[in-house]
There are 2 protein chains.
Amino acid sequence: MKTTRKTTAKTAVLEIFVKSKTALSHTEIYKQIEEICDRVTVYRILDRLVNDDIVHKIVDLDGTVKYAKCHHHAQRVHIHNHAHFSCEKCLEITCLENVKPSYIIPHNYKVNDINFTLSGLCPNCSNSNI
Amino acid sequence: MKTTRKTTAKTAVLEIFVKSKTALSHTEIYKQIEEICDRVTVYRILDRLVNDDIVHKIVDLDGTVKYAKCHHHAQRVHIHNHAHFSCEKCLEITCLENVKPSYIIPHNYKVNDINFTLSGLCPNCSNSNI
DNA sequence: AATCAATCGCAACTTTGTTGCAATAATATT
DNA sequence: AATATTATTGCAACAAAGTTGCGATTGATT
C-alpha cells in the first residue's frame, strides 16, 4: 500500500542520473545537491530508487558502492545480469549493458542475483596511456 | 627490496585461513586472534597477504569485503577469475574455483581483473529451506 | 651481538552508512 | 479549496569499517 512520492530532492537525484554517463557514488551525488537536501536524505532516496527498480547498485572490486539508472528493455522481471566496467585510472564505472557472462555452476546452488565487474582501463584511459 | 617477515600475528592469520572453508571478513579474523594482536595489525597483515598474492579479496553484492586463501594451480601469473558464491541466508562466501565466466567485451577495453560474484542460496541453506 | 628495516600498538581520525524522532510537505479525501 | 493522512525530511547521535602517524618492538642479516 506504500505510495512513493515525487519530491524536490528525488527529482534532483534523478536528474543527476540522467545527465551522467557513468555510475555515481552517494558522495558524488550529494556534492551536487548539498544545498537542496541532507546527506541522510540522499541515502534514503537511493534506497527507495533501488527498491523501486529505477536505479541499480554496483559494487566494484575495491568495495566502492555506486549507483546507476536502469535501462529497462521492456522486460517485466528485471535482473541486473549485465557487466560493469571499473576503470583503474579514472575510477569511473560504466554499465556494459550488452556484456553478459555465461557460466555453469553446480546444480545445488540457487542463484538469485549476480555481480559481474571487470576492471582495467576504459577506452579513454587506454588511449591516453603512454 | 622489501622483504616480508614471518611474524606471530601473520602466522596466526594464515592458520585461520587454512582451517576455514569459507571466505572471512576482517572482523571475523580479528575476533579469533584479538588476544594476539591489534585490530589495525590485522588490516595491515591482510593488505600484505593480498599484495603478496597469498590471499585474495572478495567483495560481495552488498559491499561486504572478505578474504580467502588463494589456491595456485602452478600458474605463474595469477588472476582471480573464478567465481564466488555469497549465500543470502548464512552469509558465507565460498570460492567456486571451477566456475569461470565466459564473456565478450568491446575490444577497446583493457581488462586486468574480474569480479564475478553470484548470490542466492548455498547447498546447505537451500536444503534446510522449507 | 649489533644493526636495520619491517612490523606492531596505540590513539586519533575519516569515511560510510544507520536510526529515532519531531517537523515538513506531497498526496488523497472531504 | 480546506483538511486529513502519511511519506519524506532534517537533525543529532551513533556504529562500523578502514586509515594514518609515530614511537616502540622484533625478525632477519651481517
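Each chain gets a letter, A, B and so on, in the order the sequences are listed, and its residues count up from 1. FYI, side chains are in, hydrogens and waters are out, and symmetry mates aren't considered; it's all heavy atoms of this structure.
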Would you call B:E92-B:K21 a salt bridge at under 4.0 Å N-O?
-> no
Return the set of residues passing ring-ring contact (aromatic ring centres under 6.0 Å, His included) with B:Y30 (not counting sequence neighbours), or none when no residue passes.
-> none
In degrees rounded to 10°, what angle is found between the helical axes fit to the five outermost pairs at each end of the helix from C:dA1-D:dT30 to C:dT30-D:dA1?
-> 40°
Do A:F17 and A:V55 have side-chain heavy atoms sitting under 4.5 Å apart?
-> yes
Closest approach of A:H56 and A:C95, non-hydrogen atoms and distance?
-> NE2-SG, 3.6 Å
With a cut-off of 3.5 Å and sequence neighbours excluded, list every side-chain donor-acceptor pair involving residues 33-46 of chain A.
residue: A:D38; atom: OD2; partner: A:V40; partner atom: N; Å: 3.0

Give the B/S/- string for nucleotides 13-25 of chain D, one per nucleotide from 5' to 3', where a protein heavy atom under 4.0 Å of the base yields B, of only the sugar-phosphate yields S, and otherwise -.
-> ----SBBBB----
Counting any heavy atom closer than 4.0 Å, what does A:L46 reach on the DNA or RNA strands: base, sugar-phosphate only, or nothing?
-> nothing
For A:Y30 and C:dT14, what is the distance between atoms OH and C1' respectively, to the nearest whole Å?
-> 16 Å
Write down the distance between CG (B:D62) and P (C:dT18), rounded to a whole number of angstrom.
-> 11 Å
Among B:C87, B:S86, B:C122, side chain to side chain contact (heavy atoms under 4.5 Å, CB included) partner for B:I93 = B:S86
Under a 4.0 Å heavy-atom criterion, the protein footprint on nucleotides 24-30 of chain C, written with B, S and -, is -BBS---
Nearest-Å distance, CD1 (B:I33) to P (C:dG9)?
-> 9 Å
Could you tell me the separation between the CG atom of B:L49 and the C1' atom of C:dT7, rounded to a whole number of Å?
-> 13 Å
Tell me, please, which residues at least two apart from B:F85 pass ring-ring contact (aromatic ring centres under 6.0 Å, His included).
-> A:Y109
